[in-house]
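Each chain gets a letter, A, B and so on, in the order its sequence line appears, and its residues count up from 1.
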Amino acid sequence: MFKKLRSPASQLGGIVIANPCPVDNVEIIQAPLPDKVVLPLQQRMGDEVIPCVKVGDKVLTGQVIAQAQDAFCVSIHASISGTVVAIDAQTIPHQSRLKSKCITIKSDGKDEWVEHKGYADFLHELPQTLVDYIQQSGIVGLGGAGFPTHAKFNTIKPCHTLIINATECEPGIMCDDALMRHYACEVIRGVEILLYISGANQAIIAIEDDKQKAYQSLLTLTHNDKINIVQIPTKYTSGAEKLLIRSLLDVEIPANKFAVDEGIICQNIATTKAISDAVIKGKPLISRIVTVTGDGVAQPNNFEVRLGASFAHIVALARPDSHPHNNRMGGIMMGIDVKTLEVPICKVSNCIFINHTKAKVNIQECIRCGQCNQVCPVGLLPQQLYWYAKSENTDKAMDYNLDSCIECRCCDVVCPSHIPLTQYFSFAKALHRQKTQGQQKVDIARERFEFREYRLERNKTERTKMMARKKEELKQKMANDKTQKSKIAQAMARVKQEKNGNKI
Amino acid sequence: MFDSIVIFSSLALVLGLILGYAAIKFKVTGNPLVDQIDAILPQTQCGQCDFPGCRPYAQAIANGEAQINQCPPGGQEGADALAELLGVETLPLNEEHGETKIEHVVIVDEAVCIGCTLCIQACPVDAFVGASKVMTSVIEDECTGCDLCIPVCPVDCIHIKEIQPTPRTYIPKVTHV
């Protein structure tokens, strides 16, 4: 009954957005070596990684400068050769505009590589060896979220399907398109490595139907019957992991579960190229392809650039005009605004949007038109969530599955009142996280306080009991010990005698 | 006549037995109000309320022996929440019990520490690790910021460390309507 009522996967939510800056010829331009690179130590999850170099150390390109410590961290590598000049707090491309600890390397201009050797004959290695090697090569998801790649393989559930996400989530970004056209061979090899590691029966490469050239170039190089290349309609949010799985396999991943729990592994197309470079050539992740676009640049294009180079370093290559700009990392929909271009390019920086500063829109009250409900790709009720988020009633918002929100901003776009709904949602999510963490801390404190009270009380009673027992034992001992008694009697007799003697 | 007496008395007997059993089975031990009050209190265990911990204070409030405005770490919000729970008028925070400080933990200057263990004895949540004549350290995650260890330290090696915002704890702002 329900299945019949449910609309087909492809029709549920999402919006079609025209490409804001279409480009005729998608290229990859090698950016020159930067003078210095800044490499942040904070990764998507876990604590900051601990650097294994000191200020003043000479490093070579590809050398490990911070070692992975836990299962959700990856190693960090020097992206140029040179000298470590600082390990301190620097501004990173994050919406908080807070500083975070980074390693700064000044280039010596030589780009000397550290000795590297991969596993070109990967089919004769254990999958676990390759997974560890991927972690040591610093590979995380290059699509924008930066989820550590190796972590998806460290699960118990066997994988049956591998999905390679080549949908290029947002209009305007073209780094994956360029990558598929120019590195099709590496991409396919990367998919084969992933197939071997995961043990999956099939791999599906999902490409949006507006990337015909990329599709053709992959098609000509695929000679593996396990790899299918599928074209999907160009519609925004079709690239989100759970939605992509739903449209390709008609499998719905439950709200509190991940794709790996259903035996599906999703990887980004750029990640597969990075895996191929690491496993075949032994080169760790030290560069990525970044799209620089927007109406503020004369030549929007893709640049292959070393990680840690500043945004300004590659924006200059796209020839920006002299108007005031609004800079954005990531796409027009899910990206974040950055204040300055003096922030480093990270593993997740897939795109830099340089747009002319626009007048702020006039935000009005919600008129309950319900357009946001229709457009939400995950089937939430943004209007309802908005009221709860606004009143900071995060528990209620969570009851309405706020944590399933992918913050795609579809609701923002269709809202006739221009309410920044997604801002409310990310605010409410962060607030809820803070509240739960605070509550956990409070519960631990209560438990520890109560245990301490109990312990002190127990110590006290044990002590009194022990004292009483000792006293009792001593008494018994004295009573039973006959030699002791006779000794005392003798001593008493002696004293008496002496006293008598003295008298005489 | 006789029938109805029999029916009603047996009914009374059966229901009485059920109620009696339920009273034993579902007996509420302790005062549930104390738990509810304790859940609102911040569990700093600082003793600024003049009671030796949050639970004793909750007990005192439930018995009507203490006011609801004696908890500086809970702040005005805490007092308001207590007022709502108890159905009484809220009170402004009593300044005699101290001021609300920003969230913080303590750290030990390990070079100065002499290992006297006085802080270990003072800590209400056992957040110190150490032993006699060896360096002591704080488990920062467990520290509630009650500051009870600061006055007892003979060498003043315990310092306050404010919790700094990081990108991971950041709460995004909203462009308000």
Side-chain angles (χ1 to χ4, degrees), chain A residues 40 42-48 89 92-101 336 360-366 386 389-390 392 407 417-435 437-453 455-456, chain B residues 30 34-47 51-59 71 73-75 77-78 81 103-105 120-129 138-146 148-149 163-177:
Chain A
Q42 175 70 57
Q43 300 178 3
R44 183 193 148 105
M45 298 165 147
D47 293 326
E48 283 178 355
I92 54 163
H94 188 271
Q95 53 178 346
S96 65
R97 293 173 186 174
L98 285 167
K99 291 188 169 188
S100 181
K101 211 172 172 190
I336 50 165
K360 275 193 179 146
V361 287
N362 191 15
I363 300 166
Q364 288 170 321
E365 284 297 344
C366 173
Y386 163 66
K390 202 176 172 186
E392 300 186 11
E407 298 180 34
S417 297
H418 305 292
I419 299 170
L421 289 158
T422 314
Q423 281 185 26
Y424 279 100
F425 301 155
S426 48
F427 158 75
K429 276 184 187 174
L431 190 69
H432 183 76
R433 194 164 53 236
Q434 193 194 43
K435 276 186 188 170
Q437 277 168 0
Q439 192 54 46
Q440 272 169 3
K441 216 181 156 182
V442 162
D443 290 342
I444 292 172
R446 180 184 294 120
E447 199 179 299
R448 287 178 78 86
F449 174 72
E450 278 167 9
F451 182 75
R452 182 173 183 269
E453 297 280 286
R455 176 168 58 82
L456 293 179
Chain B
V34 176
D35 284 330
Q36 284 170 1
I37 298 170
D38 195 39
I40 292 172
L41 295 175
Q43 304 302 320
T44 319
Q45 319 293 359
C46 60
F51 293 94
C54 294
R55 199 167 177 91
Y57 178 43
Q59 192 87 50
C71 177
E77 279 175 32
E103 213 184 329
H104 64 275
V105 294
I120 299 178
Q121 291 159 39
C123 182
V125 289
D126 291 334
F128 281 92
V129 181
V138 183
I139 311 168
E140 281 180 36
D141 285 346
E142 318 263 276
C143 177
T144 62
C146 69
L148 289 176
C149 48
I163 294 172
Q164 297 292 338
T166 64
R168 284 173 70 202
T169 57
Y170 171 74
I171 296 183
K173 290 183 194 74
V174 179
T175 331
H176 278 287
V177 175

Segment of B/Pro42 engaging chain A (4.5 angstrom heavy-atom cut-off): backbone

Cut-off 4.5 Å, heavy atoms of chain B, and the answer for A/Ile444 is side chain

Considering non-hydrogen atoms only, spot the tightest contact between B/Pro172 and A/Ala430 and give its length. CD-CB, 3.6 Å

Mind listing the closest non-hydrogen atom pair of B/Val125 and A/Arg448 along with its distance? O-NE, 2.7 Å

Quick one, B/Thr166 with A/Glu48, criterion side-chain contact (heavy atoms from CB on, under 4.5 Å). Give me CA distance, side-chain angles, the key distance, then yes/no. CA-CA 11 Å; B/Thr166 64; A/Glu48 283 178 355; over 6 Å; no

Is any side-chain N of the basic residue among A/Arg452 and B/Asp126 closer than 4.0 Å to the acidic one's carboxylate O? yes

Note: A/Ala445 and B/Thr144 closest approach over all heavy atoms is CB-CG2, 3.6 Å

Closest approach of A/Ser96 to B/Pro167 (non-hydrogen atoms, all atoms of both residues): OG-CA, 4.1 Å

Which atom of B/Arg168 lies closest to which atom of A/Gln42, heavy atoms considered: CD-NE2, 3.3 Å

Bottom line for A/Leu456: the part with an atom under 4.5 Å from chain B's heavy atoms is neither

Should we say atom CD of B/Glu77 is surrounded by more than 12 heavy atoms from elsewhere, each under 6.0 Å from it? no

Measure distances from A/Glu450 to the heavy atoms of chain B and classify the residue's part below 4.5 Å as side chain, backbone, both or neither. side chain

Top of B/Gln43, B/Glu103, B/Arg55 for chain A proximity - count of heavy-atom pairs under 4.5 angstrom: B/Gln43

In this structure, CD of A/Gln423 is separated from NZ of B/Lys173 (nearest 0.5 Å) by 11.0 Å

For B/Tyr170, the option from A/His94, A/Arg97, A/Gln434 that meets side-chain contact (heavy atoms from CB on, under 4.5 Å): A/His94

Which heavy atom of B/Asp141 sits nearest to which heavy atom of A/Lys441, and what is that distance? O-CE, 3.2 Å

Count the heavy-atom pairs under 4.5 Å between each of B/Ala39, B/Cys54, B/Ala127, B/Cys143 and chain A, then report the option with the highest count. B/Ala39

B/Asp38, part contacting chain A, at a heavy-atom distance under 4.5 Å: both

Quick check on B/Pro52 against chain A: is it the side chain, the backbone, both or neither that has a heavy atom closer than 4.5 Å? backbone

